[in-house]
Amino acid sequence: MWQQTLNELRVELELTPASPILIKDGRHNPKPHPDSDRRDKSRPQIYFHRSAKRSPERPRSREGRGFGNYANPDECFDMAFVHSRTPQGDRFYLPGSSLRGVLRSAAERIVGRWQPKLVGEPFNNPAQDWVQRERSALHRVTGAQIYNRAGPIERCFGHTALRGHWRCADAWMQDESQAAVVVRDGVGINRRTGSAQNDIKFQFEAISGGVFQTTLTMVNYELWQLGLLAHVLAALDDGTMWLGYGSHRGLGRVQVRVSRMLWRWYGQQPDRAEVPTPIPSLAALAEQANVTLQHDYGWHDSSLIVAIPLAYSAGTLVPDWVWTPTQDTATDWDVAPWRDFGPLLPLAIQAWPVPMEQTP
């Protein structure tokens, strides 16, 4: 399936914190407690974004009143936001793996609305088990057979024997001065007394401002995946899905805006005179490239039809078709093209055959 690229869609996203967000940096470790049983009580090196402006400007003291200094490891916060050192300096970012995990979790819930049996365990599902059994029996398994057996979630995000067709890049903070980094206090509550428990106080930093920008790339996508994309991004935007640490404590809510979509087709090109522009199905592109004459991938978009307004751009190597919103505001998921994408998903999911291993 990856030997020939038939289509490609790049979705440029802007993620704005609607509540403080924390994606923890695993390199940030506080000094071991003096009463700890750990043998190594030496002070570990602490990494954090030193040039970031935080509120408050000095950390609150761990014991008693007053403030400390962020440069002192003993007084610094316990959980730092993930960042990376770049040629432009330290920058906050949302890891692509964290974003991809949230998108997959949202996709599983959405697909499960119409057909729960199509949602399997990430590391234990019928399609993956079938590949392992066939290979254990020394049977030859082709890429077409693996893709044909895969369910809708695996076709987007893959499994151990199938590479996913959705790629999510890191989301970088565009303006560090707008990050609005806050350091918050946390404390454990004694269930008997209802008061703060001794030695359970901790501090963490979170980002409550700024804009993160990333790109979601879909390669060899089927038309029903556009519907899944609309449902997943709308779920993340309206607060159904949250990002990072402390989602049950009010952290992790984001607003999603699609700033641009760039389409590419390697083969059959839409008619430039048609407005709105019809989106070719993967089944039609494969038929034109003689892929379906050689293999049966089991595509589920041959009967789906959708068209949206696109602007043609003669690229240097490959022509681009671009969609941009008419207004520089939050994305409205109830208008075109999202209202046209959404119905494509249930049409394909409801007709999707249940895997034989799960048939009662």
So does R109 have more than 12 non-hydrogen atoms from other groups sitting under 6.0 Å from CZ?
no

Between the side chain of S302 and the main-chain N/O of A283, is any donor-acceptor distance below 3.5 Å?
no

Give the table of side-chain donor-acceptor pairs shorter than 3.5 Å for residues 329-351, with sequence neighbours excluded, one pair per line with atom names and distance.
unit_1, atom_1, unit_2, atom_2, d
T331, OG1, V258, N, 2.9
D332, OD1, D334, N, 3.1
W333, NE1, D237, OD2, 2.9

Tell me whether N148 contacts the main-chain N or O of D296 through its side chain, where contact means a donor paired with an acceptor under 3.5 Å.
yes

side-chain hydrogen bond (donor to acceptor under 3.5 Å, both in side chains) evaluation trace for E8 with W265
CA-CA 6 Å; E8 180 181 343; W265 294 281; over 6 Å; no

Would the distance check show the side chain of E176 and the main-chain N or O of F92 forming a donor-acceptor pair, the cut-off being under 3.5 Å?
yes

Any side-chain heavy atom of L9 sitting closer than 4.5 Å to one from L226?
yes

Contacts of type side chain to side chain donor-acceptor pair (under 3.5 Å), residue S51, not counting sequence neighbours:
H49

Please give the remaining members of the hydrophobic cluster of I189, linking ILVMFWY side chains under 4.5 Å, ordered by chain and number.
V187

Measure from the side-chain N and O atoms of T215 to the backbone N and O of V11, and report whether any donor-acceptor pair falls under 3.5 Å.
no

Give a yes or no on whether the backbone of A180 and the side-chain of S208 come within a donor-acceptor separation of less than 3.5 Å.
yes

Side chain to side chain donor-acceptor pair (under 3.5 Å) partners for R113, two or more places apart
none

All N/O donor-acceptor pairs, side-chain side in residues 243-252, below 3.5 Å, sequence neighbours left out:
unit_1, atom_1, unit_2, atom_2, d
Y245, OH, R249, NH1, 2.9

So, using side chain to side chain donor-acceptor pair (under 3.5 Å) as the criterion, who are the partners of W323 when residues are at least two apart?
none

Heavy-atom donor-acceptor pair, R91 side chain to M173 backbone, under 3.5 Å:
yes

Contact between V102 and R104 at the side-chain level, heavy atoms closer than 4.5 Å - yes or no?
no

Looking at residues at least two apart in the chain, or sitting in another chain, which of them share a side chain to side chain donor-acceptor pair (under 3.5 Å) with E222?
Y147, R155, W224

For D129, does its backbone N or O pair with a side-chain atom of Q132 as donor and acceptor, under 3.5 Å?
no

Taking salt bridge (charged side-chain N to carboxylate O under 4.0 Å, His left out) as the test, write out the residues that go with D238, two or more places apart.
none

Contacts of Y266 that satisfy ring pair (Phe, Tyr, Trp, His ring centres under 6.0 Å) - sequence neighbours left out
none

Results of salt bridge (charged side-chain N to carboxylate O under 4.0 Å, His left out) for R100 - residues two or more places apart only:
none

Residues passing the salt bridge (charged side-chain N to carboxylate O under 4.0 Å, His left out) test with E12, sequence neighbours excluded, are R260

Checking D271 now: which residues fulfil salt bridge (charged side-chain N to carboxylate O under 4.0 Å, His left out) with it, not counting sequence neighbours?
none

With distance as the sole test, does H165 use its side chain to make a donor-acceptor pair with the main-chain N or O of Y221 at under 3.5 Å?
no

Has R184 got its NZ or CZ under 6.0 Å from the middle of the six-membered ring of F204, at an angle within 45 degrees of the ring axis?
no

side-chain hydrogen bond (donor to acceptor under 3.5 Å, both in side chains) evaluation trace for D78 with Q203:
CA-CA 5 Å; D78 303 276; Q203 294 176 331; over 6 Å; no

Under 3.5 Å donor-acceptor, S105 side chain and G101 backbone
no

